[in-house]
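Nothing fancy with the numbering, it's 1 onward along the sequence. Since this is a predicted model, take the numbers as computed values, not measurements.
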Amino acid sequence: IVPSPTDWREIPNDKWAVDGNRVKVVATVANLGAADKTATVNFRELVEGMDLPDGVVSATIPGNGQKDVEFIWDTSGYAWHSSGQSVAPASNRTIEARIPDDSMTKNIKIKPKPVVLVWGLWQSADAMRKFRAYFGAVTEDWAVTDGMTDVRKVTTDNAAALDGTIRHIQRDLNAWHVDLVGVQNGGLVARVYINSVMPTQFDGRPTATHLAMVGVPNLGTPCASGIYGLSFKLNALNWDAVAELSEDSMKRFNLL
């Protein structure tokens with residue numbers, strides 16, 4: 001449970017885990033004989049018919065007793081089909097725990113990592129709505145949240161605000177990892193967040209697994225200089241935020 005990696009909760013049948021989370025699978029193995037026996041438990045995913053990584057666990061079961069055999073499953077990628085040319089959602093999974101003479105299965109849903117859309121300055125509400133709809137067209141299980149860029153702040157300050165947004169989403173959706181999509185200068189905010197703010201999670205992986213950038217002025221824009229820049233600054237009411245989008249400023253930005 002975010003933010004505590006040692007706080008485990010059972011997943012009810014009507015709930016789910018999020019892609020990238022760790023899930024503990026527990027198989028209770030009973031030994032009906034009088035002597036101790038060693039059992040090898042093989043944990044598999046049946047929808048695509050694959051062994052789970054490191055999913056073979058051996059344990060000694062006492063005679064006339066039972067033992068819980070635990071396997072920690074890294075669900076990264078399991079919200080999607082692992083094969084095929086086109087990416088397709090595959091949230092509904094079936095996990096099997098098998099010993100040579102017995103097995104048990106359990107269904108579980110793995111939802112995609114939430115996406116945070118880091119918007120640039122002056123995004124139209126209609127354009128934002130259409131952009132969000134692309135994700136819903138792929139799967140209704142894909143949670144999408146807006147990370148807004150404050151026109152009154154410079155990129156560094158907006159990156160700190162983005163960190164707060166992501167931490168809230170992690171707790172709200174119980175998602176240890178997210179994906180980022182940066183639109184226009186929102187992509188610069190996301191870059192600063194990744195470089196300077198983003199924490200590494202307990203599993204050794206960054207909070208944001210992927211960053212996709214759409215129309216980001218990574219080389220700066222002439223619109224932030226000269227007469228265009230003056231008009232831009234007057235409209236923005238934040239000269240510093242506009243000035244950092246100039247080509248010279250972005251050269252320094254990219255060196256970081």
Side-chain angles (χ1 to χ4, degrees), residues 1-5 7-24 72-82 86-93 108-120 123 125 127-150 158-216:
I1 299 294
V2 176
S4 172
D7 187 4
W8 297 92
R9 308 284 178 87
E10 185 174 354
I11 303 174
N13 292 331
D14 60 341
K15 298 297 181 181
W16 54 85
V18 176
D19 190 314
N21 286 13
R22 299 288 175 92
V23 171
K24 180 187 292 187
I72 305 299
W73 173 32
D74 180 358
T75 64
S76 297
Y78 284 91
W80 308 93
H81 281 290
S82 63
S86 60
V87 177
S91 289
N92 295 315
R93 297 289 182 170
I108 183 173
K109 172 176 277 193
I110 307 296
K111 287 192 175 185
K113 289 188 296 294
V115 172
V116 181
L117 301 178
V118 191
W119 297 104
Q123 300 288 333
M128 293 168 64
R129 179 184 58 78
K130 290 180 178 178
F131 198 88
R132 285 192 294 265
Y134 292 135
F135 297 88
V138 176
T139 170
E140 61 182 12
D141 290 326
W142 213 347
V144 180
T145 302
D146 295 324
M148 303 307 297
T149 297
D150 191 339
N158 276 306
L162 176 61
D163 180 55
T165 298
I166 291 173
R167 290 176 186 271
H168 175 76
I169 292 166
Q170 288 180 280
R171 291 189 298 269
D172 188 46
L173 300 180
N174 198 58
W176 282 96
H177 300 278
V178 302
D179 286 331
L180 302 177
V181 176
V183 182
Q184 296 180 3
N185 69 301
L188 305 180
V189 176
R191 286 179 59 191
V192 172
Y193 166 78
I194 289 172
N195 185 72
S196 306
V197 183
M198 177 180 65
T200 298
Q201 296 300 333
F202 79 97
D203 55 11
R205 298 177 180 179
T207 299
T209 308
H210 303 95
L211 166 62
M213 293 187 285
V214 182
V216 177

Review item, side-chain donor-acceptor pairs of residues 16-24, under 3.5 Å, at least two apart:
residue : atom : partner : partner atom : Å
Asp19   : OD1  : Gly77   : N            : 2.8
Asp19   : OD2  : Gly77   : N            : 3.2
Asp19   : OD2  : Ala79   : N            : 3.3
Asn21   : OD1  : Trp176  : N            : 3.0
Asn21   : ND2  : Asn174  : O            : 2.8

Are [X] and [Y] close enough that some pair of their side-chain heavy atoms sits under 4.5 Å apart?
X	Y	result
Gln201	Gln170	yes
Ile108	Ile11	yes
Met148	Met128	yes
Thr149	Gln123	no

Could you report the tightest heavy-atom contact between [X] and [Y], atom names first, then the distance?
X	Y	result
Ala143	Leu173	CB-CD1, 3.8 Å
Gly120	Asn185	CA-OD1, 3.1 Å
Tyr78	Ile110	O-CB, 4.0 Å
Ser91	Asp141	OG-OD2, 3.9 Å
Val216	Gln184	CG2-O, 3.2 Å
Val118	Gly186	CG1-O, 3.2 Å

Is there a side chain to side chain contact (heavy atoms under 4.5 Å, CB included) between Val214 and Phe131? Walk through the geometry before answering. CA-CA 11 Å; Val214 182; Phe131 198 88; 4.2 Å; yes
Determine whether more than 12 heavy atoms belonging to other residues, nucleotides or ligands lie under 6.0 Å from atom OH of Tyr134.
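Counting neighbours around OH of Tyr134, 12 or fewer heavy atoms of other residues, nucleotides or ligands fall under 6.0 Å, so no.
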Between Thr75 and Arg93, a side-chain donor and acceptor under 3.5 Å:
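Absent: no donor and acceptor within the cut-off.
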Give the intermediate values and the outcome of side chain to side chain contact (heavy atoms under 4.5 Å, CB included) for residues Asp146 and Trp119.
CA-CA 7 Å; Asp146 295 324; Trp119 297 104; 2.8 Å; yes
Heavy-atom donor-acceptor pair, [X] side chain to [Y] backbone, under 3.5 Å:
X	Y	answer
Thr145	Val116	no
Asp179	Val115	no
His177	Lys113	no

About how many Å separate [atom2] of [Y] and [atom1] of [X], when rounded to the nearest 0.5 Å?
X	Y	atom1	atom2	result
Ile166	His168	CD1	NE2	12.5 Å
Lys111	Lys15	NZ	NZ	8.5 Å
Thr209	Leu180	OG1	CG	9.0 Å

Using residues 187-200 as the side-chain source, report each donor-acceptor pair under 3.5 Å to any protein atom, sequence neighbours left out, with the distance given to one decimal.
residue : atom : partner : partner atom : Å
Arg191  : NH1  : Asn218  : OD1          : 2.6
Arg191  : NH1  : Asn254  : OD1          : 3.0
Arg191  : NH2  : Asn254  : OD1          : 2.9

Could you walk me through whether Arg205 and Asp74 pass the salt bridge (charged side-chain N to carboxylate O under 4.0 Å, His left out) test, one step at a time?
-> CA-CA 12 Å; Arg205 298 177 180 179; Asp74 180 358; 2.7 Å; yes
